[in-house]
Amino acid sequence: MSTPITPSISVHRPQTRFALVDVNNFYCSCEAVFNPKLAGTPLVVLSNNDGCVVARSAEAKLLGVKMGQPWHQVPPEFKQQGLRALSSNYSLYADMSHRVMTILGAMAPRQEVYSIDECFLDLTGMERLTGSLRDHGLHIRHRIQQWTGLTVCVGIGSTKTRAKLANHIAKKNPEWAGSFDLDALSMEDQTHWLPRIAVSEVWGVGGRLTEQLRAMGIHTVQDLKDAGAKCIRARFSVVMERTVKELNGISCLDLEELSPPKQQILSSRSFGRHVTTEADLREAVLTYLSRACEKLRAQQSLAGVLQVGIRTNPFKDGIPQYNKATSCKLPEATDDTLVLGQYASKMLSALYKPGYIYQKASIMLTDLSPKAARQITLFEDTAAREKRERLNSAMDQVNRKFGRRSLSLAGSGIEKTWSMKRGNLSAAYTTDWRALPTVQ
DNA sequence: TCTGGGGTCCTAGGACCC
DNA sequence: TCTGGGGTCCTAGGACCC
C-alpha cells in the first residue's frame with residue numbers, strides 16, 4: 001500500500017467569522033429607555049393577556065422570577081420588593097428592533113435578522129479594516145448604546161453555533177465588557193471555557209436532548225464537541241450532527257440574508273374573558289382570519305388550506321375540555337379575506353359545541369404558494385376578481401395608514417368584548433404622534 | 001381569577017406507483 | 001418451496017428556536 005499523494009493547493013480564503021449580536025433584556029430595556037425611572041428596578045414584561053413573564057430586567061432575574069412563569073404564580077413577596085409588570089407593547093418593541101437592526105446592518109457587509117432582538121453579522125475578513133474583531137464588537141456595542149439607549153452583547157466565532165456560544169460567554173462574564181471572540185483564543189484557552197459551560201446552553205440543545213445527552217455522559221459543551229459527529233448522528237438526527245460539526249468549527253449553517261416566505265401563517269389568541277357563544281367565537285375567528293390574510297398578502301402568497309381551531313383552557317381542572325381543529329382544502333388557492341371568511345365561518349359552525357367555556361381560537365393558513373405563479377382557471381370572471389383584489393388591497397392600505405382593524409369584516413365585531421387584556425400597557429412612544437415623549 | 005404566540009425542521013410510517 | 005424493490009408523497013408527532 002502506498003500512501004496517496006494529494007496535491008497541496010493553497011487558496012487563501014479567510015476563515016469565516018460570524019457575530020451574534022443581541023439586545024440585553026430587550027422588552028424591559030425598551031420600556032426603560034422611555035421611562036428612565038424603571039432603569040435599575042426589577043421589571044418584567046408579560047405575554048398577551050398578561051399571562052406569562054416573557055422578559056425580565058437584570059434585577060428581576062436576581063429576585064428569582066423565572067422565564068415563562070405565569071404572572072399569577074410569581075410570589076407576592078417579589079411584588080412587595082418592588083417588582084413591577086408591564087403588558088407587552090409590541091408596536092414599541094418592533095420599532096426599536098427596526099432601529100437596532102438598521103444600525104447593525106451598516107456595520108457589516110452581510111446581516112441576517114434572526115429574531116426581534118438578535119441578528120447574525122458576517123465579519124469574515126473584517127479584521128483588516130477594524131483591527132481585532134472583538135474591538136469591532138465593542139464598537140458595535142458603543143454605537144447601539146449611544147444611538148438607541150439599548151445595550152447589546154456581541155459573540156464572535158467561526159460558525160453560527162460558536163458565535164451563539166461566544167455571546168453566552170460575553171453575557172455571563174462582565175470582564176469581557178460585552179464582546180467576546182471565541183476563535184481569537186488559543187486552543188488551550190478554549191479548553192478553559194468549553195468544559196465550564198453546560199451542554200444545555202448550546203444552540204439547538206433543549207430540555208429533552210439535554211436529558212438524553214446526560215444519560216450518555218455528555219454534560220458540557222466540551223463533551224458534546226468531542227463526542228464525534230458520526231456517533232451523534234447514529235443516535236440523533238442530522239440536526240444534532242450539524243451542531244457537533246459547528247462546535248468543531250465546520251460551518252454548516254449559512255447566513256440567510258433574505259428571509260424566505262413563510263410556509264405557514266398562524267393567527268391565534270387567548271380571550272380576555274370567558275367565551276361561550278358561537279357569535280363571540282365567530283367574531284374572534286373572523287378577526288384572526290383578517291390578520292392572517294393581511295400577513296398572507298404582505299408576503300404575496302396564496303393559501304391552499306385553511307385550518308380553524310377552538311379550545312377550552314387546558315390548565316383548568318374540573319371543567320369539560322374541548323379542543324378541536326378542522327382543515328379544509330380550498331378549491332382554489334386564494335388570499336381573499338371575504339372568501340376565506342365565508343369558509344372559516346362555516347367551519348366554525350361545524351366545530352362549535354355549546355356548553356363549553358372557550359379560551360382560545362386559532363386560524364392557520366398552509367399549503368402556501370407564490371401569488372405570481374397562480375394558474376388562471378377556465379371560467380374565471382376576471383373583472384370580478386380584479387375588483388375583489390382592489391377591495392382587499394384598499395383594506396390593507398387603510399389599515400396600514402389608520403391603524404390595524406380600522407376597516408374590517410362586519411362579522412369580526414365592533415366591541416370585541418372578548419379581546420385580550422393588557423392592563424398595564426406603556427405608550428407607543430415612537431409610533432403614535434399622540435404618545436411622543438415631551439421634554440419639560 | 002389569572003397559564004403567549006408565533007415559527008422551523010426532521011423522522012417514521014403508510015399509501016401508492018411503477 | 002417460492003412471495004421485489006425502490007421511489008415519492010402525505011401526515012402526525014416530536015424536537016427546537018425566540
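In what follows, chains carry the letters A, B, and so on, assigned in the order in which the sequence lines appear, proteins first and then strands, with residues in each chain numbered from 1. Note: hydrogens, waters and symmetry copies are ignored here, and every other heavy atom, side chains too, is used.
For the pair R311(A) CZ and dG5(B) C1', the computed distance is 11 Å after rounding to whole Å. Atom pair F236(A):CZ and dA15(C):P shows a separation of 11 Å (rounding to whole Å applied). Put simply, CZ on R235(A) is 18 Å from C1' on dT11(B), counting in whole angstrom units. Atom CD of Q359(A) and atom P of dT1(B) are 15 Å apart (whole Å). Rounded to whole Å, the distance from NZ on K160(A) to P on dC9(B) is 12 Å. As rounded to whole Å, 17 Å separates atom P of dC10(C) from atom CD of Q307(A). Atom C1' of nucleotide dC9(B) and atom CD of E246(A) are separated by 15 Å, given to the nearest angstrom. In this structure, I363(A) places its CD1 atom 14 Å from P of dG5(B), rounding to the nearest Å.
Contact annotation: K316(A) reaches the phosphate of dC2(B) (side-chain N/O to OP1 or OP2, under 4.0 Å). For N313(A) and dT3(B), the shortest distance from a side-chain N or O to OP1 or OP2 is below 4.0 Å. For S270(A), a side-chain nitrogen or oxygen approaches OP1 or OP2 of dG5(B) to under 4.0 Å. Regarding contacts with the backbone of dC2(B), every side-chain N or O of R273(A) stays at 4.0 angstrom or more from both OP1 and OP2.
Distances were taken from every side-chain heavy atom of S268(A) (C-beta onward) to each of dT3(B), dC18(C), dG5(B); the shortest belongs to dG5(B). Closest contact between the side chain of R242(A) and the listed nucleotides dT3(B), dC18(C), dC10(B) involves dC10(B). Among the nucleotides dG5(B), dC17(C), dT8(B), the one closest to any side-chain atom of Y114(A) is dC17(C). Counting only heavy atoms from C-beta on, C52(A) has its side chain closest to dG4(B) among dG4(B), dG7(B), dG5(B). When the nucleotides dG7(B), dC10(B), dC2(B) are ranked by their closest atom to the side chain of K262(A), dG7(B) comes out on top. Nearest to the side chain of H274(A), among dC18(C), dC2(B), dG5(B), sits dC2(B). Candidate nucleotides dG6(B), dC16(C), dT3(B) were compared by shortest atom distance to the side chain of R208(A), and dC16(C) ranks first. The side chain of N48(A) approaches dG4(B) more closely than any other nucleotide in the set dT3(B), dG4(B), dG7(B). Residue F315(A) places its side chain closer to dG4(B) than to any other of dC18(C), dT11(B), dG4(B).
The residue E118(A) sits close only to the backbone: its heavy atoms come under 4.0 Å of sugar-phosphate atoms, none of a base. Among the protein residues, E241(A) comes within range of no part of the nucleic acid, since none of its heavy atoms lies under 4.0 Å from any strand. L209(A) comes within 4.0 angstrom of sugar-phosphate atoms only, judged by non-hydrogen atoms across all strands, and of no base. Note on I265(A): only backbone sugar-phosphate atoms sit closer than 4.0 angstrom, heavy atoms only; bases stay farther off. Contacts of G68(A) with the nucleic acid, taken as non-hydrogen atoms under 4.0 Å apart, are absent. Using a 4.0 Å heavy-atom cutoff across all strands shown, S362(A) reaches no nucleic acid atom at all. If you check every strand for non-hydrogen atoms under 4.0 Å, D50(A) touches nothing. Across all strands, D117(A) comes closer than 4.0 Å only to sugar-phosphate atoms, never to a base (heavy-atom distances).
Where Y90(A) and Q263(A) meet DNA chain B, the nucleotide closest to each residue was compared, and Y90(A) sits on the side nearer the 5' end. Comparing K421(A) and K295(A) along DNA chain B, the residue whose closest nucleotide (by nearest heavy atom) sits nearer the 5' end is K421(A).
Electrostatic pairing of R162(A) and D183(A) counts as a salt bridge here, judged by a charged N lying under 4.0 Å from a carboxylate O. A salt bridge does not link R422(A) to D50(A): none of the charged side-chain nitrogens sits closer than 4.0 Å to a carboxylate oxygen. In this structure, K164(A) pairs ionically with E118(A), as a charged nitrogen and a carboxylate oxygen lie closer than 4.0 Å. With respect to D367(A) and K329(A), a salt bridge is recorded, a charged nitrogen being found less than 4.0 Å from a carboxylate O.
Judged by Watson-Crick or G-U wobble contacts below 3.5 Å, the nucleotide dC18(B) has dG5(C) as its partner.
Between W203(A) and F18(A), a ring centre-to-centre spacing not shorter than 6.0 Å is recorded.
Between the side chains of T337(A) and R297(A), at least one donor N or O sits under 3.5 Å from an acceptor N or O.
At a threshold of 4.5 Å between non-hydrogen side-chain atoms, the residues D335(A) and K371(A) count as touching.
Going from the C1' atom of dC16(B) to that of dG4(C) covers 16 Å, rounded to whole Å.
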